[in-house]
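A, B, ... follow the sequence lines: proteins, then strands. Residue 1 opens every chain. For clarity, every value in this text was computed on a predicted model and none was experimentally measured.
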There are 2 protein chains.
Amino acid sequence: MPRRSALEAAGTRDAIIRRAADIGSVEGLEGITIGRLATDLEMSKAGVIGHFGTKEELQLATLELAAELFVEQVWKPVEDLRPGLERLLGICEAWTRYADEPILSGGCFIAAVSFEFDGRAGRVHDALKQVVGRWRKTLVREISVAIADGDLPADLDPEQAAFSMEALAAGMNPARQLYGDTSAAEWSRRAMHAVLGVSRSL
Amino acid sequence: MPRRSALEAAGTRDAIIRRAADIGSVEGLEGITIGRLATDLEMSKAGVIGHFGTKEELQLATLELAAELFVEQVWKPVEDLRPGLERLLGICEAWTRYADEPILSGGCFIAAVSFEFDGRAGRVHDALKQVVGRWRKTLVREISVAIADGDLPADLDPEQAAFSMEALAAGMNPARQLYGDTSAAEWSRRAMHAVLGVSRSL
DNA sequence: CCTACCGATCGGTAGG
DNA sequence: CCTACCGATCGGTAGG
């Protein structure tokens, strides 16, 4: 079995899910169709679906890629910052930048799919719940550290603050793309800062 | 032309868009199919689409119904309250109640569809933009009144505060349905209160 | 409102 | 990775 063909196959699979992520960020995970991917990538439908078996597996693989992109863009830039408030402020920066200069056509894939699949049952719903649950747990941990450090008020509820930050970040999607609010990222960043008790940072 | 048949037709049309709104709140406006509506309502597909002509018209009619439900549930309960802060606090109450005790299976239809259609082009996108734009304008106006009354700080940006409230309200959808957060409404209400400078109301 | 039908596209398979 | 094909469903129309 020649090495090159396996490499090429991995490359093709990667190309498929990257294209799927881009489509999904605009049209949703249900908006992805095998036929469209085949046309876009100049392949046969069988060649596309052969890498995954079923459309659901393709959706799960696409979600996985989107989660990796999110971690790379929002989490990786702050991992060297000190845990607690300093890292949280870095997250605000990275998160709003990620939403304001999107790498996928439809903005934040995770936000779009969260609203698409929240009310459905199935494996995609469950995988999404895990992905976002992990991220929220991270936020809660950092907020708790900041409270323990005395950098945030002791009566702040970490779960509630994490909810607020997440909602304010997700809100950038429709603000930018539906109403065309060019200030969405700044609004979101300031609102997140307010949650963290940082009143006027600019 | 007998009166009854026109009334019945109106009733049928209404039944179709009510069912469509319920499906749409879960599966999105693209998740609505004429065949499924026909099955659910025990009609023929031709009988369903005959009331609208095209699927896009059906989607627009469904959006219109959802907008009416929103106004009825969130705006009407507060219209007798004094403009400004008092009315804004009433909106927080009505909005979180509307999201926490949803009349449609998938929670807030407007929030779901905002995230579904934000990145698309077309008449549904445009109609949605109008609906939500009208609501945001209302919020901005009430916030401005509260500032003029001296009930909110003069340096508060009404646009930004409206964005925050909207994002925090929309965030209840995935919080409730994806993670199963039963406290989502309370988190959202408290966060909205914080935006309005009301720190501890319970 | 119905039956009967249209072409297009859906996800997916067989066989190579 | 391909061609060739499957049954099901899509939105929609004709005619009544």
J.: Which nucleotide wins on minimum distance to the side chain of B:His51, given the candidates C:dC1, D:dG11, C:dT13?
T.: C:dC1
J.: For DNA chain D, what residues of residues 54-65 of chain B have any heavy atom nearer than 4.0 Å?
T.: B:Thr54, B:Lys55
J.: Defining pairs by Watson-Crick or G-U wobble geometry with both distances under 3.5 Å, how would you list the stems of DNA chain D with at least three pairs each?
T.: C:1-16 with D:1-16
J.: Listed by chain and number, what are the side-chain hydrogen bond (donor to acceptor under 3.5 Å, both in side chains) partners of B:Thr138, not counting sequence neighbours?
T.: none
J.: Is there a salt bridge (Lys or Arg N to Asp or Glu O under 4.0 Å) between A:Arg18 and A:Asp14 once you walk through the steps?
T.: CA-CA 6 Å; A:Arg18 281 182 188 278; A:Asp14 211 58; 2.9 Å; yes
J.: Quickly work out the B:Asp40 CG to D:dT9 P distance and round it to whole Å.
T.: 14 Å
J.: Just the rounded figure in Å: distance from P of C:dC6 to NZ of B:Lys45.
T.: 13 Å
J.: In whole angstrom, give the distance that lies between atom CZ of B:Arg13 and atom C1' of C:dC1.
T.: 16 Å
J.: Can you measure A:Ile34 atom CD1 to D:dA8 atom C1' for me and round it to whole angstrom units?
T.: 14 Å
J.: Enumerate all atom pairs, one protein N or O and one N or O from nucleotides 14-16 of chain C, separated by less than 3.5 Å.
T.:
none

J.: Does a nitrogen or oxygen in the side chain of A:Thr33 sit under 4.0 Å from OP1 or OP2 of C:dC10?
T.: yes
J.: Nearest whole Å is fine: how far is D:dC10 C1' from B:Glu27 CD?
T.: 15 Å
J.: Identify, with sequence neighbours excluded, every residue that meets side chain to side chain contact (heavy atoms under 4.5 Å, CB included) alongside A:Ser144.
T.: A:Val140, A:Pro158
J.: A:Lys137: which residues meet the side chain to side chain contact (heavy atoms under 4.5 Å, CB included) condition with it, sequence neighbours left out?
T.: none
J.: Who are the side chain to side chain contact (heavy atoms under 4.5 Å, CB included) partners of B:Glu27, not counting sequence neighbours?
T.: A:Arg120, B:Ile23, B:Arg36
J.: With sequence neighbours excluded, give me every salt bridge (charged side-chain N to carboxylate O under 4.0 Å, His left out) pair touching residues 166-175 of chain A.
T.: A:Arg136-A:Glu166
J.: Give the rounded distance in Å between these two atoms: CD of A:Glu30 and P of C:dG11.
T.: 9 Å
J.: Could you tell me how far apart A:Ile32 (CD1) and C:dG12 (P) are, to the nearest whole angstrom?
T.: 13 Å
J.: Any side-chain heavy atom of B:Ile16 within less than 4.5 Å of one from B:Phe52?
T.: yes
J.: Counting C-beta onward and ignoring hydrogens, is there a side-chain heavy-atom pair between A:Glu57 and A:Arg123 closer than 4.5 Å?
T.: yes
J.: Which residues satisfy the side chain to side chain contact (heavy atoms under 4.5 Å, CB included) test with A:Ala112, sequence neighbours excluded?
T.: A:Asn173
J.: Given atom CG of B:Leu29 and atom P of D:dG11, what is their separation to the nearest angstrom?
T.: 12 Å
J.: More 5' along DNA chain C: A:Ile49 or A:Gly35, using each one's nearest nucleotide?
T.: A:Gly35
J.: When we call it a touch if two heavy atoms are under 4.0 Å apart, what does B:Leu41 touch: a base, just sugar-phosphate, or nothing?
T.: nothing
J.: Using the test side-chain hydrogen bond (donor to acceptor under 3.5 Å, both in side chains), find all partners of A:Asp40 that sit at least two apart in sequence or belong to another chain.
T.: A:Arg19
J.: Please list every donor-acceptor pair under 3.5 Å in which a side-chain atom of residues 70-86 of chain B meets a protein atom from a residue at least two apart or in another chain.
T.:
none

J.: Taking side-chain hydrogen bond (donor to acceptor under 3.5 Å, both in side chains) as the test, write out the residues that go with B:Thr54, two or more places apart.
T.: none
